[in-house]
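Side chains included, hydrogens not; waters and symmetry mates left out as well; all remaining heavy atoms used. Since we're looking at a predicted model, the values are computed, not measured.
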Amino acid sequence: MTEKEERLARDRAEIAARVASFRETQQKFEREREEYYETTLANAVNGASRPSYWR
């Protein structure tokens with residue numbers, strides 16, 4: 001390989017690593033959003049069955 005081809009290969013590898021890291025971060029955020037949604041929904045449903053202290 002020439003020096004230019006090696007540089008391009010390194011650049012492509014770096015880009016691929018950055019894309020993979022970005023995807024992992026996005027998947028983490030998605031999991032956290034889903035967990036928050038499920039927790040909030042469960043709290044809302046369970047909270048509806050408790051007596052209100054304001055009545």
Side chain T25, main chain S21, donor-acceptor under 3.5 Å: yes
From F29 atom CZ to E34 atom CD, the distance as rounded to the nearest 0.5 Å: 14.0 Å
Minimal non-hydrogen separation, M1 against E6, with atom names: O-OE2, 3.6 Å
Spatial distance of atom CD1 (I15) from atom CG (L8) [nearest 0.5 Å]: 9.5 Å
Gap separating the OH atom of Y37 from the OG1 atom of T40, nearest 0.5 angstrom: 9.5 Å
Min side-chain heavy-atom separation E30-R33 under 4.5 Å: yes
From CA spacing to verdict: salt bridge (Lys or Arg N to Asp or Glu O under 4.0 Å), R7, E3: CA-CA 6 Å; R7 182 175 47 82; E3 185 177 328; over 6 Å; no
Neighbour count above 12 (heavy atom, 6.0 Å) for Q26 CD: yes
Test item: K28 and E24 side chains (from C-beta on) under 4.5 Å apart, heavy atoms: no
Salt bridge flag under 4.0 Å for residues R31 and E35: no
